[in-house]
Each structure stands twice: as structure tokens, then as C-alpha cells.
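Worksheet for the structure shown next.
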Amino acid sequence: MCVALAVALALAVGGCAAFSSGGGSDDSVDVRTGPGITDRTITLGAITDLTGVYATLGKSMTQAQQLYFDQLNDAGGVCGRDVELLIRDHGYDVQRGVDAYAEVSGKVAGLPQVIGSPIVSALLPNVQRDQMLTIPAAWASTLLAHRYIQVVGGTYDIEMINAVGFLVKEKGLRSGDKIGHVYFEGEYGESALSGAKFAAGRAGVTVVEQRIKATDAEMAPQVAALRAAGVKAILMSAGPKQSASLSTVAEAVGLNVPIVSNNPGFSPQLLSSPAASSLLSNFYLVSAVQTASAAVSGMRSLVAAYEEEYPTSPFDSAVSFGYVAAQVFGAALKKACEAKDLSREGILLALRTMKSFESGGIMPPLDFSKPGDAGSATSFVQRPHPTAKGGLISIGEPITAEGVEDYRFPSPG
């Protein structure tokens, strides 16, 4: 199988009211089509980061999605058509992301990947106008209010609710204690903070906030403030660089407390950095994606296929998420074909029929039938491990914190 990070464009024909009557397959006869659909191809878009701050994540995610669509095509494709992935790099620059969307929007049936909360936010009006089913690599709960955005996995606030539940159940956090929360300004951090405050209120603990910018790499001031406040644990809603600095500085000053991060806060490359020792001691991650070392069928198959296709690429959580996001889009396309409606709206409606999507254990069962709700309220709690594939191992059972069903997602704006 030949895989590349750039594929040929398929010229879109017809509008949403067009019908296909060719293609060499009974499935393709009298199927309603739309942009990105020809008699031979279904073109999807990936607006990703291959050269910016999340380039490693973007490469992993894109390769995983290309792997899935190649497998899908080898199995016969969808509705007698091959599925192609049209890839554009925004370098984590909002304007480049907007320009990339403008370039591909008339040529694709949907977007199984858009990386970055700022880019997703900038695209929301256009996604709504174009009825473009979009799976973001972003998990802010404010995205749930948008009809054509589908968050795959738990949101940042759900992760923090489960993080506090883990601290209460496993780390002795008690009513009256204080916990720190270091978080990025913007949708990511604000969404996580909302969940942290909700869970802290139920547990009777106080959140000591430390709001930072994405450009803040040195966490010494934040550690000093949290140490002075006497926190018993620290929640982290930032990136790998901030996690590394915070854990290293905390260890150096004797702040020996658990640090629990949202899913974007770790990369396996950190275990080859000076931060490795402190991360191995006190750092935890909450994520809707299983670790690469998990003994589940879906992960075993994915690891084997990915390593065969990309033997020199590291296997990280972006591979797993990207693959499941592509699986979800592929399943929606198949259901849309069965309903003989491959228009953009038809693909969305097909997704909404999926009440318990299974990924072979890579993620918990996902429910896409409830617009405005998260696909899952379950998280895996993970720890760094120096020899584990992907640098992480899961600890204990998946967690769905007590009371999470009572949480109400904040409204956007």
C-alpha cells in the first residue's frame, strides 16, 4: 500500500441535489451527492499542523487517518468509491487555517481533522454555512453547541471532573483541601476550569487558579504561588512544555503532590528530557484514548498496522485519536450510503444514528445520537512509563466520576 501526506484532488461535481447513477456498484446507483463526491471518489479534508507547534501531533494524526482510509479503500471503499484525503498545513496559524479552509471547502464532503482550538473557532461560521461535518482535534465543550462540529471523546471539562474524582478516590484529596489549576487562557483552559470548579465544589475543595499564556514556558512563578497556597494536588490544562517545567520545578522545591493533566499535556518525547524523573514520580494524564500498550484488540491491530506502514514514526496518542476520528467518519459515510444520501447533510444525519460506536477498545463506546452532548463521559487515567510504547500506561479501571451526569456544559460566548 502506498501512502503519502499529499493526495491528488478530486474535482467536485454537482451540488447537494445531484444524484449519481454510475460507478460500477449497486450501492452507487441513485445516491444523493454533494461537494467532494464524484462517481469514483469521496474527498475529505484535513486542515492540520505539519510545521507549527503541534507538528508532531499533526503528522501522527494525518498518517493514522491516511492509514485508515487506505484500509477502507482496500476493503472496497464506500458506495463504490475510494475515499481520498486532501491535506493542508496551517502551521498553527489562524489566517493560514482560514485560507486553507477557503481553498478546500468546495472540494470536500467533510473534515475528519482540524487541529487547534483557535483554528476551529475561526472556522465555525463557515462550517455552519457550508454544512460541513467537522471532527476537531480540540475538546472545548463550547464546540458542542455547533451542529456540524462533532467532538470525539470527552471534553476538557469532563476530563477535569474525572481528574478530581481520581484525586479524591486514589490520592486522598479531602473536603477543605486546596488544589491548584494551571491553565491556558482561551477555550481550552476555560473549558477545563469549568469542569475543575464543578468537581471541586462537589468535593468541598478550593481551586487556586493560575492562568497562563500558551507562550509561557517557565512555570516557576506558578509553582511558587501554589506552594505558598498549600495545595494538595495540581491540575494542568496546558501543553507538554508547561507540564515538563511545572513537574521539574515542583520537584526541585519539594512540592511533592500529584499533577493531573488534560490529554494535550504530554508527549512521549518528554521522557528523553531532563523532566523525565519528575514526570515519572508525580505526573498523571486523563484521556479518552487508551494507551498504545493496552491489551485491547483495536489497539493491537492499529499498532501493528501503523508500525508496518510507518516504521520510523513514533506511536503516540495522536495516532490513536486520528485513527478513531477517521473510523467515525468512515462509519458515517457507510451509513449515509445505506440511506442513499452522501450529501453533507446526509452524512451528518447518518452520524446521528450511531448510539454506541465501538473502536475495538481504543476509546470507550461513543454516542453521537445526542447533539450538544459529549460522545463519552469516561476517561482513562494514565502514567508516564519509560519503556511503554507511547510512553504511557493506564492505571486502574476507566473512570466516570460520581456526579458527572449532573454537569451542564457552559454556553459558548
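Judged purely by atom type and a 3.5 angstrom limit, Asp177 uses its side chain to pair as donor or acceptor with the backbone of Arg174. Not one N or O on the side chain of Ser194 forms a donor-acceptor pair closer than 3.5 Å with the backbone of Asp157. The backbone N or O of Met363 lies less than 3.5 Å from a partner atom in the side chain of Ser359, making a donor-acceptor pair. Arg32 places no side-chain N or O within 3.5 Å of a backbone atom of Gly346 that could act as its donor or acceptor partner.
Remark: Ser247 pairs with Ser278 by the side-chain hydrogen bond (donor to acceptor under 3.5 Å, both in side chains) rule, at least two apart or across chains. Remark: Ser60 engages Asp316 in a side-chain hydrogen bond (donor to acceptor under 3.5 Å, both in side chains) (not counting sequence neighbours). Remark: Thr56 pairs with no residue by the side-chain hydrogen bond (donor to acceptor under 3.5 Å, both in side chains) rule, at least two apart or across chains. For Thr387, the side-chain hydrogen bond (donor to acceptor under 3.5 Å, both in side chains) test picks out His385, with sequence neighbours left out. Here Thr353 pairs with Lys335 under the side chain to side chain contact (heavy atoms under 4.5 Å, CB included) rule; sequence neighbours left out.
For the pair Phe380/Thr291, no side-chain contact is recorded, criterion being any heavy-atom separation below 4.5 Å from C-beta on. Counting heavy atoms from C-beta outward, Val208 and Ile179 have side chains that stay 4.5 Å or more apart. In this structure, Ile42 and Asp82 have side chains that are not in contact, with every pair of non-hydrogen atoms separated by 4.5 Å or more. Using a 4.5 Å heavy-atom cutoff, the side chains of Ile119 and Val98 are not in contact.
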Please table the atom pairs, donor to acceptor, closer than 3.5 Å between any side-chain atom in residues 364-377 and protein atoms at least two apart or in another chain.
residue, atom, partner, partner atom, Å
Asp367, OD1, Ser369, N, 2.9
Asp367, OD1, Ser369, OG, 2.6
Ser376, OG, Thr378, N, 3.1

Donor-acceptor list for residues 250-267 side chains, cut-off 3.5 Å, not counting sequence neighbours:
residue, atom, partner, partner atom, Å
Asn256, OD1, Asn282, ND2, 2.9
Asn262, OD1, Ser237, OG, 2.5
Asn262, ND2, Tyr156, O, 3.2
Asn262, ND2, Glu159, OE1, 2.7
Asn263, ND2, Glu159, OE1, 3.4
Asn263, ND2, Glu159, OE2, 2.8
Ser267, OG, Gln269, OE1, 3.4

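Screening residues 67-123 for ring-ring contact (aromatic ring centres under 6.0 Å, His included), with sequence neighbours left out, gives Tyr54-Tyr92, Tyr68-Tyr323. For residues 109-128, every residue pair satisfying the side-chain hydrogen bond (donor to acceptor under 3.5 Å, both in side chains) rule, not counting sequence neighbours, is listed here: Thr48-Gln113, Thr62-Gln113, Gln65-Gln113, Ser121-Glu187, Asn126-Arg129. Every pair tested for salt bridge (Lys or Arg N to Asp or Glu O under 4.0 Å) that includes a residue from residues 221-242 fails, sequence neighbours excluded, so the list is empty. Here ring-ring contact (aromatic ring centres under 6.0 Å, His included) pairs that include residues 348-367, with residues two or more places apart or in two chains, number zero. Applying the ring-ring contact (aromatic ring centres under 6.0 Å, His included) test to every pair with at least one member in residues 112-136, sequence neighbours left out, gives no pairs at all.
In this structure, Asp89 pairs ionically with Arg96, as a charged nitrogen and a carboxylate oxygen lie closer than 4.0 Å. Between Glu190 and Arg211 a salt bridge is recorded (basic side-chain N to carboxylate O distance below 4.0 Å). Ion pairing between Lys59 and Asp49 fails under the 4.0 Å rule for side-chain N and carboxylate O.
Each of His181, Gln222, Lys197 was evaluated against Glu209; a single residue qualifies, Lys197, per the side chain to side chain donor-acceptor pair (under 3.5 Å) test.
Using cut-offs of 30° and 60° for the angle between ring planes, the Phe184 and Tyr188 rings count as perpendicular.
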